Amino acid sequence: MSERLTNILGYLTLFAILGAIWVLFGEDPSKEQGARNEPTFSTVDQKINDVEEINIISEKGQVSLARTNDGWVVKSRDAYQADGEKVRVFLRGIAKSERREPKTSNQSRFDVLGLGSKAKTVSLKAAGGATVLEFAMGKRKANATSGRSLTYIYQDTDTRSWLVSELAEAQVDSAWWLDHSLFRFDDARVSDVTVNGVWLTRKFGDQDFKLQGVKANEQALPNWQLHSPARAIADFTFTDAKKLGNPLAEPFAKAVLNTYDGMVVNVDIYQMDEGRWAKISAAYDDTLRLDQAGLKTAAEVQAEIASIMAATREWVFKLSEIDAGTLSSVRADFVSNKQ
């Protein structure tokens with residue numbers, strides 16, 4: 001083969017490669033789909049406050065959120081209160097999103113970008129079910145330091161996929177959207193905790209708990225371990241919620257926390273759905289109240305109890321493995337044999 005023919009074939013190969021790259025990643029003026037730094041979703045910023053429902057569907061599941069007079073709720077979790085900040089950040093990101101780079105129009109390659117069969121389909125609806133926006137959301141890359149993110153998206157009004165800015169994280173796991181701020185109080189208020197019959201007490205003003213009934217051949221574990229049940233209840237957290245007023249089974253474990261100002265918090269733990277779920281109740285007991293300065297008034301404590309009961313009465317809450325273990329502890333978990 002002559003040198004001239006080799007050069008011609010080389011140039012033809014180069015042109016073919018450049019053409020393929022242009023087809024995959026180049027600008028496509030055949031539709032008015034916006035350009036770099038223009039809004040990703042044209043005019044949506046003017047309608048974002050009209051959104052009444054958010055639906056996100058993927059091959060891994062789906063989640064549905066709705067706006068009510070009391071804020072956003074997770075419809076797919078029996079209308080439990082949603083984390084309003086997560087919803088606001090998500091909608092604000094959609095309104096502020098801008099196009100950064102045009103990407104492939106070849107839908108057979110969409111899976112590489114987390115689109116196609118791998119995508120999350122996001123649908124925003126207004127009152128009456130009118131669609132405000134629908135698009136496919138693919139892989140997302142976030143910078144933990146700057147807080148900025150870039151996400152691959154595709155919408156039917158475009159001829160190709162795009163890499164866009166500002167879109168916030170959005171999971172199809174309903175539990176991820178829940179408002180996890182159930183209740184929290186200073187564990188310095190705690191006078192004693194009983195966990196499955198094991199009684200941990202302390203005097204007013206003390207930090208350390210003492211295990212009652214320690215035998216001569218036993219030694220209580222370090223205080224940070226004795227303190228764990230009080231912390232787990234006073235700073236209560238959960239991973240999921242389910243509407244269930246009265247579980248039919250007997251509790252797997254029980255914990256009771258008392259405070260110096262008369263509050264009693266009961267935690268009944270049930271084994272359900274491959275996890276441990278807590279049923280919470282609270283009450284006021286004036287006989288537990290100490291005559292000490294600085295305590296909450298009886299009225300303040302009773303108002304706090306009413307708030308806890310309003311939030312927990314119809315629900316059970318899935319515990320993390322750590323908290324489930326802590327609140328299911330038995331006596332052997334609090335002592336060691338003396339050497």
Side-chain angles (χ1 to χ4, degrees), residues 80-81 178-213 223-239 241-247 250-270 276-320 322-331 333-334:
Y80 192 86
Q81 198 72 26
L178 299 179
D179 180 356
H180 289 84
S181 58
L182 189 60
F183 64 86
R184 183 179 187 180
F185 55 86
D186 186 353
D187 73 5
R189 292 168 61 190
V190 179
S191 61
D192 64 282
V193 185
T194 303
V195 183
N196 300 308
V198 180
W199 193 23
L200 304 163
T201 70
R202 66 180 173 185
K203 294 179 180 179
F204 183 77
D206 287 354
Q207 292 186 345
D208 294 349
F209 284 89
K210 290 184 178 180
L211 173 63
Q212 297 300 308
N223 186 257
W224 67 268
Q225 289 172 281
L226 301 184
H227 207 128
S228 294
R231 290 197 183 102
I233 299 174
D235 188 10
F236 187 81
T237 60
F238 62 96
T239 61
K242 177 190 300 186
K243 181 169 276 191
L244 186 62
N246 294 298
E250 286 296 312
F252 172 84
K254 289 188 174 187
V256 181
L257 176 148
N258 298 321
T259 67
Y260 298 114
D261 48 31
M263 182 164 65
V264 181
V265 180
N266 295 284
V267 182
D268 291 346
I269 300 172
Y270 298 85
R276 293 182 184 175
W277 297 67
K279 181 68 180 172
I280 309 290
S281 64
Y284 180 73
D285 185 345
D286 194 60
T287 65
L288 298 174
R289 187 176 183 84
L290 297 185
D291 184 15
Q292 293 284 349
L295 297 181
K296 285 192 172 189
T297 66
E300 289 173 333
V301 175
Q302 289 169 346
E304 183 179 15
I305 289 168
S307 176
I308 291 174
M309 290 302 297
T312 64
R313 184 175 288 111
E314 297 181 326
W315 301 89
V316 291
F317 303 91
K318 189 174 185 180
L319 299 171
S320 68
I322 292 176
D323 286 348
T326 296
L327 298 177
S328 301
S329 297
V330 295
R331 195 171 184 286
D333 297 317
F334 294 100

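Numbers here simply count residues along the sequence, with the first being 1. Fair warning: this is a prediction, and the values are worked out from it, not measured in the lab. Scope of the values below: all heavy atoms of this structure, side chains included, with no hydrogens, waters or symmetry mates.
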| message | Please report whether the ring centroid of W277 lies less than 6.0 Å from that of F317. | response | no
When rounded to the nearest 0.5 angstrom, what distance separates [atom1] in [X] from [atom2] in [Y]?
| X | Y | atom1 | atom2 | result |
| --- | --- | --- | --- | --- |
| Y80 | K243 | OH | NZ | 11.5 Å |
| Q225 | L200 | CD | CG | 11.5 Å |
| I280 | L182 | CD1 | CG | 7.0 Å |

| K242 bridged to E314 by N-O distance under 4.0 Å | no
| said: I'd like to know if R289 pairs up with D261 as an ion pair, taking the criterion as any Lys NZ or Arg NE/NH1/NH2 lying under 4.0 Å from an Asp or Glu carboxylate oxygen. | reply: no
Atom [atom1] of [X]: over 12 foreign heavy atoms under 6.0 Å:
| X | atom1 | value |
| --- | --- | --- |
| I322 | CD1 | no |
| N246 | CG | no |
| Q292 | CD | yes |

[X] versus [Y], closest heavy-atom pair with distance:
| X | Y | value |
| --- | --- | --- |
| E304 | K296 | OE1-NZ, 3.5 Å |
| L319 | T237 | CD2-O, 4.2 Å |
| P247 | V316 | CG-CG1, 4.1 Å |
| V190 | A230 | CG1-CB, 4.2 Å |

| query | Which pairs pass ring-ring contact (aromatic ring centres under 6.0 Å, His included) with one or both residues in residues 182-212, sequence neighbours excluded? | reply |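 For residues 182-212, and leaving out neighbouring residues, the ring-ring contact (aromatic ring centres under 6.0 Å, His included) pairs sorted by first residue read F183-F236, F204-Y260, F209-H227.
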| What residues form a side chain to side chain donor-acceptor pair (under 3.5 Å) with R276, not counting sequence neighbours? | Q271, S328
| With distance as the sole test, does D235 use its side chain to make a donor-acceptor pair with the main-chain N or O of A232 at under 3.5 Å? | no
